[in-house]
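These notes are about the structure you will find just below.
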Amino acid sequence: MDKISVEKKWNKRWQDTKVYQFDKSNVDNKHYVLEMFSYPSGSRLHIGHWYNYALSDSYARYKVMKGANVFQPMGFDAFGLPAENFAIKSGIHPEDSTLKNIAVMEEQLKNIGAIFDWDAEIKTCMPDYYKWTQWIFCQLYKHGLAYRKKAPVNWCEHCNTVLANEQVVDGRCERCDNQVVKKDLTQWFFKITNYAEELLNGLDDLDWPEKTKAMQRNWIGKSQGGEIEFQLTTGQAFRVFTTRADTLFGCSYVVLAPEHELVKQITTDECRQAVQDYCDEVAKTNEIERLSTAKEKTGVFTGAYAINPINGRKVQVWIGDYVLATYGTGAVMGVPSHDARDFDFATKYGLAIERVIKSADGSDDTLPFCNDGVMVNSDKFSGLTSEEGRLAVIDELEKVGKGKLTTNYRLRDWLVSRQRYWGAPIPVIYCPHCGEVLDENLPVKLPYDVDFRPDGTSPLARHHGFVNDVKCPKCGADAKREVDTLDTFVCSSWYYLRYPDSNNENAPFDTEWIDKMLPVDKYVGGAEHACMHLLYARFFTKALRDMGYLHFDEPFKSLVHQGIILGPDGNRMSKSRGNVVSPDAYVGEYGSDVFRCYLAFGFKYIEGGPWSEDGIKAINKWLDRVERYVLAAFDKYETTDKMGADEQQLNVVRHNTIKSVDADYEAFSFNTAVARMMELVNAMSKYDQAPVKNAKFYQDTALDLLKMLAPLAPHFAEELWEQVGQDYSIVKQAFPTFDENALKLNTVEVLVQINSKPKLRLNVDSSLDRAGLEQYVLSQSKVVELLEGKQPKKVIAVPGKLVNLIV
RNA sequence: GCGGAUGUGGCGAAAUUGGCAGACGCGCAAGAUUCAGGUUCUUGUGGGGGCGACUUCGUGCAGGUUCAAGUCCUGUCAUCCGCACCA
């Protein structure tokens with residue numbers, strides 16, 4: 001078979017006859033299969049796209065054959081930094097390059113032969129999509145979930161621009177190698193932290209990989225503890241968060257984040273220079289360096305003192321880069337005796353170390369002692385366990401207004417402002433009289449004629465018309481537009497809601513309709529999105545639910561991560577390594593079905609692995625083998641209508657294969673599905689040698705094989721289906737069902753072990769129970785022989801498996 | 001440092017609840033077909049020992065539980081991923 005030309009033929013016929021179109025008229029048995037949409041940065045599909053899309057499509061096709069009304073859309077996450085950077089380098093406008101890339105990728109995606117519903121296609125950079133992204137921004141704003149505050153960005157003074165983390169290499173600008181510093185800008189945030197608790201609890205009921213759920217739990221990072229107020233000797237106060245209030249008596253200093261608002265006020269004149277120098281240094285380091293455990297903890301004394309509220313002691317106030325302004329209260333207490341890090345810090349700077357917790361049995365007298373134990377040297381609290389003490393200390397402080405029990409989350413609010421051109425404009429207007437006002441005259445169009453080269457401001461700020469041709473919607477005064485754009489994660493946080501209703505011009509989606517279409521039944525995409533995208537999307541769903549726009553709690557009921565296909569050298573494919581394998585040459589040589597089948601067979605789906613060229617040749621040969629035996633079944637030969645021993649043998653394999661392949665597809669275990677089908681083909685090849693064959697049975701078996709293969713090699717299976725005279729189309733066929741009776745064997749082989757060592761295999765009546773099996777085996781002369789006259793002390797019989805005789 | 005995973009032949013990998021480790025395929029070897037290469041077909045293929053029916057070792061390493069462990073438990077090493085001093 002010329003697999004390439006056959007693919008063209010069937011792609012066209014499928015499209016012409018709309019053979020697998022989603023039926024919107026009845027969605028009771030809908031099955032929404034979604035793959036993470038792609039970013040059109042390179043112009044062509046890479047192997048990762050294929051691995052994700054082609055095999056998810058096989059799952060979708062399998063679901064169609066199982067009777068589901070499958071909705072499988074495709075689209076493009078089209079805004080983003082790479083297109084803009086490419087534009088700065090090449091002078092090609094991001095819109096032009098993006099739309100061109102999309103056109104190429106669309107063509108390639110169509111050649112996969114996937115059942116994508118192109119009517120539902122989304123491109124996030126088009127006004128008919130980002131209009132609604134902006135609309136959602138407005139709704140979040142109106143519900144108090146969008147707000148502005150100052151936050152640092154990476155700033156290159158030489159290039160006069162904001163840099164993404166990705167553009168900062170070892171603390172320097174990737175373009176000019178200049179030192180990158182932090183600069184505070186007022187930016188927009190979404191209040192995802194309002195949903196921290198629900199985002200955490202909701203994970204329990206999701207059919208997601210446990211690993212992913214664990215990662216999200218850690219990301220949200222809930223911890224219970226106490227907030228304790230320290231008063232400075234100069235009057236001001238600040239709070240620290242601690243999970244170990246039981247160690248409060250051992251607190252000998254406190255540390256503020258260098259960015260803490262009090263630092264400037266409280267630093268004494270003698271310490272001012274040192275503190276200033278330290279803060280300047282910290283501004284140069286990124287968070288990862290700052291939090292590196294390999295680095296020695298550093299800090300400087302501010303000259304200020306605070307009062308430990310539990311015992312009235314005066315303690316020094318330090319600043320240290322290991323305390324983050326964004327986590328907890330931006331201040332921590334130092335208890336050197338019971339925290340390893342504090343111990344190092346105190347030792348280095350000569351601060352007091354006093355034991356206030358002893359081990360429960362008193363046996364461990366080393367410091368630091370970081371486990372729970374029993375309080376000592378703690379006034380009236382001495383003798384309490386750590387667990388009791390934590391509550392008692394906070395309780396005591398609460399009485400005097402100096403403490404409370406709190407829950408702290410690691411999760412931070414989501415910063416959505418980008419000082420970039422290629423994104424959805426933030427629909428806000430700044431009026432000299434009314435302040436910030438939403439612009440609900442949507443879309444706020446992204447102008448085309450913008451100078452997006454970096455010059456110290458957001459590119460849109462330089463577009464005079466965009467910024468200034470606007471009146472305040474409230475009072476009509478001359479006003480100015482917001483010039484930042486939205487993070488592309490905003491676009492991708494709701495696209496799954498748009499797909500089912502992507503042509504709706506009156507709303508982002510119809511509530512009643514998406515309540516029927518959502519949640520997504522199977523979401524497939526990379527594990528790298530475990531914390532950001534998947535969490536943001538869950539947040540959007542919950543926020544929109546609380547506003548009444550939809551009525552379900554979670555966007556993605558079931559989630560699968562595909563693995564990563566590595567280069568032939570076992571490393572991640574990258575241009576710099578020179579190990580990138582393009583799918584194009586293989587698809588061109590063998591066809592998309594062969595390529596898809598190789599991806600299916602060569603890897604465990606969720607793990608991926610190194611690319612190998614040998615594997616694809618093997619699959620090509622195997623499909624040829626399939627063709628030979630399917631055609632052989634419909635060839636002329638001497639026939640019988642009896643089900644003899646040969647037929648029975650093949651029939652058992654046939655039904656076993658159906659049973660296994662069905663379960664394998666459901667579980668995304670494509671490699672074993674192919675293996676089982678190979679076994680069936682091997683059995684057919686053996687049966688083919690029989691001089692007289694049961695044609696009806698042989699042909700039915702061949703047709704079952706084609707149906708099972710159709711999800712993985714759709715064009716190939718469709719072509720053979722036609723060649724053996726079946727009616728169009730195999731896509732519409734029900735997945736084969738297996739006959740339980742065909743699998744029931746009269747006899748089954750059991751293993752006889754003596755002292756757990758395999759000795760003998762016996763065919764026994766499969767209906768025997770434990771006692772019957774034991775009795776039967778012991779009566780066999782061969783077994784008696786093996787026992788050499790000894791009596792078994794113990795007999796373990798497992799019906800259908802083995803009998804173990806202990807002598 | 002914390003969290004999560006992974007570790008099985010020369011290679012990709014299989015292996016319900018603990019129940020014959022290595023299915024399926026690649027590669028390799030031998031044979032048949034072929035002028036030859038390719039294709040196709042047959043057989044073999046974890047290591048050691050034995051002519052042999054057999055025997056022994058074997059799932060990163062070391063222990064343990066069990067009649068029985070790739071699977072469960074403890075410890076340990078290595079690799080990968082994620083988060084990053086989380087107070």
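The chains referred to below are lettered A, B, ... by the order of the sequence lines, with proteins before strands, and numbering in each begins at 1. These numbers were taken from a predicted model, which means no experiment stands behind them.
No contact: A:D624 has no heavy atom under 4.0 Å from any strand. Using a 4.0 Å heavy-atom cutoff across all strands shown, A:K793 reaches no nucleic acid atom at all. Residue contacts shown for A:T243 are limited to sugar-phosphate atoms, with no base heavy atom under 4.0 Å away. Residue-level contact check: A:W622 touches neither bases nor backbone, having no heavy atom under 4.0 Å from any strand. Within the nucleic acid shown, A:G602 comes within 4.0 Å of sugar-phosphate atoms alone, with no base atom in reach, counting heavy atoms only. Using a 4.0 Å heavy-atom distance criterion, A:K759 is classed as a sugar-phosphate-only contact. Using a 4.0 Å heavy-atom criterion, one finds that A:G608 contacts the sugar-phosphate atoms exclusively.
Counting to the nearest Å, the C1' atom of B:C83 and the CG atom of A:L535 are 14 Å from each other. Distance A:M215 CE to B:G4 P: 12 Å, rounded to the nearest Å. Protein atom CH2 of A:W219 is 17 Å distant from nucleotide atom P of B:G4, rounded to whole Å. In this structure, NZ of A:K213 is placed 20 Å from C1' of B:C81, rounded to the nearest angstrom. Remark: P of B:G4 and CG of A:N218 are 7 Å apart, rounded to the nearest angstrom. In this structure, CD of A:E627 is placed 12 Å from P of B:U40, rounded to the nearest angstrom. Distance CG (A:D339) to P (B:C86): 8 Å, rounded to an integer number of Å.
A:R596 and A:S58 share a side-chain donor-acceptor pair at under 3.5 Å. For the residue pair A:Q316/A:Y349, the side-chain donor-acceptor check at 3.5 Å is not satisfied. Side-chain contact, A:R625 with A:N620: no donor N or O sits under 3.5 Å from an acceptor N or O.
Taking 90° from 0 as the syn/anti boundary, the base of B:G9 is oriented syn.
A distance of 10.0 Å separates OG1 in A:T298 from CH2 in A:W318, rounded to the nearest 0.5 Å.
With both ends at atom P, the span from B:G25 to B:C41 equals 11 Å, rounded to whole Å. For the C1' atoms, the distance linking B:G27 with B:C81 amounts to 31 Å, nearest Å. B:A5 and B:G9 have their C1' atoms separated by 24 Å, with the value rounded to a whole Å. One P atom belongs to B:U71, the other to B:G31, and the distance between them is 42 Å to the nearest Å. Taking the P atoms as reference points, B:A29 lies 14 Å from B:U39, given to the whole Å. Of the C1' atoms belonging to B:U74 and B:U65, the separation is 11 Å, rounded to the nearest Å. B:A13 and B:G60: their P atoms are spaced 15 Å apart (whole Å).
Checked for salt-bridge contact, A:K3 and A:E589 miss the test: no charged N lies under 4.0 Å from a carboxylate O. Using a 4.0 Å cut-off between charged nitrogen and carboxylate oxygen, A:R244 and A:D339 do not count as a salt-bridge pair.
B:U74 is paired with B:A62 under the Watson-Crick or G-U wobble criterion, all donor-acceptor distances under 3.5 Å. Pair check for B:U34 finds none; no Watson-Crick or G-U wobble contact set falls under 3.5 Å. Pair assignment for B:U17 gives none, since no Watson-Crick or G-U wobble pairing has each distance under 3.5 Å. The pairing partner recorded for B:G44 is B:C28, the criterion being a Watson-Crick or G-U wobble arrangement whose two distances lie under 3.5 angstrom. Taking a pair to require two hydrogen-bonding distances under 3.5 Å in either a Watson-Crick or a G-U wobble arrangement, B:C2 pairs with B:G82. Pair check for B:C51 finds none; no Watson-Crick or G-U wobble contact set falls under 3.5 Å. Checking B:G22 for Watson-Crick or G-U wobble geometry (two distances, each under 3.5 Å) identifies no partner in any strand.
For B:C41, the OP1/OP2 oxygens have a side-chain nitrogen or oxygen of A:Y629 closer than 4.0 Å. Remark: A:R410 is not in phosphate contact with B:A87, judged by side-chain N or O atoms under 4.0 Å from OP1 or OP2. Phosphate contact (OP1/OP2 of B:C67, side-chain N/O of A:K794, threshold under 4.0 Å): present. Under 4.0 angstrom from either OP1 or OP2 of B:A87 there lies at least one side-chain N or O belonging to A:Y327.
Atom CD of A:Q775 is surrounded by 12 or fewer heavy atoms from other residues, nucleotides or ligands within 6.0 Å. Counted within 6.0 Å of NZ on A:K211, heavy atoms from surrounding residues, nucleotides or ligands total 12 or fewer; the atom is thus considered open.
Figure legend: A:K693 and A:Y637 shown as a cation-pi pair, the cationic atom lying under 6.0 angstrom from the six-membered ring centre and within 45 degrees of its axis.
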Q) Which nucleotides of nucleotides 5-11 of chain B have their base under 4.0 Å from a protein heavy atom (B), which only their sugar-phosphate (S), and which neither (-), written as one string 5' to 3'? A) -------

**Q.** Sequence-aligned protein contact record of nucleotides 17-23 of chain B, with B where the base is within under 4.0 Å of a protein heavy atom and S where only the sugar-phosphate is
**A.** B-BB--B

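Residue A:H533 comes nearest to A:Y523 through the heavy atom pair NE2-OH, 2.7 Å, listed as atom of the first residue, atom of the second, then distance.
Contacts of A:E774 classified as side chain to side chain contact (heavy atoms under 4.5 Å, CB included), with partners at least two apart in sequence or in another chain: A:L778, A:V795, A:A797. Taking the side chain to side chain contact (heavy atoms under 4.5 Å, CB included) definition, one finds that A:R761 meets it with A:E749, A:L751, sequence neighbours left out.
Between B:U39, B:G3, B:A87, one nucleotide has an atom nearer to the side chain of A:S223 than all others, and that is B:A87.
Contacts with RNA chain B (heavy atom under 4.0 Å) in residues 658-665 of chain A: none are found.
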For residues 799-807 of chain A, which side-chain N or O atoms pair as donor and acceptor with protein atoms under 3.5 Å away, sequence neighbours left out?
residue : atom : partner : partner atom : Å
A:N804  : OD1  : A:S756  : N            : 2.9
A:N804  : ND2  : A:S756  : OG           : 3.2

**Q.** Working for side chain to side chain contact (heavy atoms under 4.5 Å, CB included), residues A:W622 and A:F601
**A.** CA-CA 11 Å; A:W622 180 66; A:F601 182 60; over 6 Å; no

